[in-house]
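Structure record follows, encoded as structure tokens.
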Amino acid sequence: MNLVFYKYQGTGNDFVMIDNRTKTFPKQNTDIISHLCDRHFGVGADGVILIENHHEYDFEMIYFNADGSQTFCGNGGRCAVAFAKKLDIIVDKTDFLAVDGSHFAEINKGIVSLKMIDVEEITMKKDAVFAYTGTQHHVELVDNLDTFPVFETGKQIRYSYDDPGSNVNFVQQIDEETFRVRTYEKGVENETLACGTGVTAVAIAMHKTLKTKSNSISLPVEGGHLAVSFTENDGKYTNVFLKGPAKFVFEGRIEI
């Protein structure tokens, strides 16, 4: 099969995007997903995203991690919105469906603001916070993020949680409204340059633990800059928005 694909990235989180409205892509074949994500023998990406038709929404986003597992991806969702605009499915606003439910988003000059799910599943741990923001996230403050062993420690913590495990975010506070983040992602099994659901979990965790009183958080990541805003009421976080760039990189063909 000769596959047409598009490459997108959101703050360094990169994805192989496929227009699957004809339902021809063999999405049950996880070996193909892993091959496409392979940076030596395939295209190279953190994940694969399919755009499909849906009778109630503008489109459906189907996301696969590099190992073929499915979850929701915040930066992937933002890139899916940019891709849907390129395909002329949407103009500047959209309601689409993903594995964790429906999402609203706006795109303006390459900046995508994506509404995330409401968050109330927050667990306070001894030295960390666990939050579900579309997928599982462990959030932990550290002193020196530049030299912190993100891969080694992240891998250990990731497997300490019951199946399917957890993403692991290490955080350094810069000021009242700014938190720098590095993330070890399950499914990729490595540190990535950014994680949208991760910075969302970080913003909420920092507010929950009173590290900040702000409901608009700036989050520098290895691949750029993201922002998260929210409304909090009685411990429940609503109107959660993840905002940042989503950029087309290139398109091509590959035999699978």
Side-chain angles (χ1 to χ4, degrees), residues 10-13 71-82 92-96 98 100-125 127-143 145 166-183 185 192-246:
T11 52
N13 223 178
T71 185
F72 180 68
C73 175
N75 284 328
R78 295 189 308 96
C79 286
V81 171
D92 56 5
K93 296 181 181 181
T94 182
D95 288 286
F96 70 93
D100 64 336
S102 61
H103 292 267
F104 168 78
E106 294 182 285
I107 180 170
N108 182 17
K109 297 180 180 179
I111 302 297
V112 178
S113 183
L114 171 66
K115 188 175 184 181
M116 308 289 278
I117 63 169
D118 294 345
V119 179
E120 52 185 333
E121 185 180 324
I122 304 169
T123 303
M124 309 300 291
K125 302 172 75 68
D127 297 311
V129 178
F130 178 88
Y132 184 85
T133 55
T135 190
Q136 300 83 0
H137 279 281
H138 172 105
V139 177
E140 184 174 323
L141 277 166
V142 299
D143 291 328
L145 200 55
S166 179
N167 296 284
V168 185
N169 306 274
F170 299 104
V171 187
Q172 184 172 356
Q173 183 166 6
I174 306 302
D175 57 38
E176 170 68 14
E177 299 180 352
T178 308
F179 296 84
R180 187 175 160 220
V181 184
R182 292 175 66 184
T183 302
E185 284 200 53
T192 55
L193 294 180
C195 179
T197 53
V199 297
T200 302
V202 168
I204 289 171
M206 295 301 99
H207 186 270
K208 182 75 174 178
T209 56
L210 305 179
K211 300 299 181 184
T212 179
K213 295 180 181 179
S214 176
N215 63 351
S216 182
I217 310 298
S218 176
L219 298 134
V221 294
E222 295 299 278
H225 181 271
L226 293 164
V228 173
S229 60
F230 50 78
T231 300
E232 186 270 333
N233 187 24
D234 291 331
K236 183 176 181 179
Y237 292 81
T238 60
N239 298 312
V240 182
F241 278 88
L242 169 68
K243 185 176 182 180

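Start at 1 with the first residue, then count along the sequence.
- For Asn239 (side chain) and Phe230 (main-chain N/O), no donor-acceptor pair under 3.5 Å exists by modelled atom type.
- Judged by distance alone, with hydrogens and angles left aside, the side-chain atoms of Arg78 form a donor-acceptor pair with the main-chain N or O of Gly244 at under 3.5 Å.
- Within the 4.5 Å cutoff, side-chain heavy atoms of Pro220 are placed close to those of Thr178.
- For Glu140, the side-chain hydrogen bond (donor to acceptor under 3.5 Å, both in side chains) criterion is met by His138, not counting sequence neighbours.
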Pair Val142, Val171 - check side-chain contact (heavy atoms from CB on, under 4.5 Å), show working.
CA-CA 6 Å; Val142 299; Val171 187; over 6 Å; no
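- No side-chain heavy atom of Phe130 sits less than 4.5 Å from a side-chain heavy atom of Met124.
- Atom OG1 of Thr212 sits about 10.0 Å away from atom CE of Met206, to the nearest 0.5 Å.
- Considering only heavy atoms from C-beta on, Val199 stays 4.5 Å or farther from Phe179 through its side chain.
- Closest heavy-atom contact between Gly74 and Thr197: N-CG2, 3.6 Å.
- In this structure, Val129 and Ile122 have side chains that are in contact, with non-hydrogen atoms separated by less than 4.5 Å.
- Considering only heavy atoms from C-beta on, Lys243 stays 4.5 Å or farther from Leu226 through its side chain.
- Here the side chains of Val228 and Leu219 are in contact, with some heavy-atom distance below 4.5 Å.
- Among all heavy-atom pairs drawn from Ala194 and Val221, the shortest one is CB-CG2, 3.7 Å.
- Residues Gln172 and Val181 have side chains not in contact (no heavy-atom distance under 4.5 Å, counting atoms from C-beta outward).
- Here the CG atom belonging to Asn75 is positioned 9.0 Å from the CG atom belonging to Leu114, to the nearest 0.5 angstrom.
- Note: Ile204 CD1 to Thr209 OG1 = 11.5 Å, rounded to the nearest 0.5 Å.
- Formation of a donor-acceptor pair under 3.5 Å by the Asn169 side chain with backbone atoms of Val202 is not found in this model.
- For Val139 against Ala205, the heavy-atom pair with the smallest separation is CG1-CB, 3.9 Å.
- Judged purely by distance below 3.5 Å, without hydrogens or angles, the side chains of His225 and Thr11 never pair a donor atom with an acceptor atom.
- Screening Thr231, Thr200, Asn215, Ile117 for a side-chain contact (heavy atoms from CB on, under 4.5 Å) with Val240, the sole residue that qualifies is Thr200.
- Within the model, atoms CG of Asp100 and OG1 of Thr71 stand 7.5 Å from one another, a figure rounded to the nearest 0.5 Å.
- Side-chain polar atoms of Ser218 and Glu177 form no donor-acceptor pair below 3.5 angstrom.
- Counting only N and O atoms by type, the side chains of Asp118 and Thr238 include no donor and acceptor under 3.5 Å apart.
- Looking only at side-chain heavy atoms (C-beta outward), Asp95 and Phe104 come within less than 4.5 Å of each other.
- To the nearest 0.5 Å, the span separating OG1 on Thr123 from NZ on Lys208 amounts to 9.5 Å.
- Counting all heavy atoms, side chain and backbone alike, Cys195 lies closest to Glu185 at CB-OE2, 3.6 Å.
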Going through the distances and angles, do Tyr132 and Glu120 end up as a side-chain contact (heavy atoms from CB on, under 4.5 Å)?
CA-CA 8 Å; Tyr132 184 85; Glu120 52 185 333; over 6 Å; no
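- The shortest non-hydrogen separation linking Ala82 to Ala246 is CB-CB, 4.0 Å.
- Heavy-atom minimum distance, Ala131 versus Ala201: CB-CB, 4.3 Å.
- For the residue pair His137 and Ser166, no side-chain donor N or O sits within less than 3.5 Å of a side-chain acceptor on the partner.
- Within a 6.0 Å radius of CG in Asp175, more than 12 heavy atoms belonging to other residues, nucleotides or ligands are found.
- Checked by atom type, the side-chain pair Ser113/Glu106 shows no donor-acceptor distance below 3.5 Å.
- Aromatic ring pairs are classed by plane angle as parallel below 30°, tilted from 30° to 60° and perpendicular above 60°; the pair Phe96 and His103 is parallel.
- Panel note: side chain Arg180, backbone Gln173; no donor-acceptor pair is recorded below 3.5 Å.
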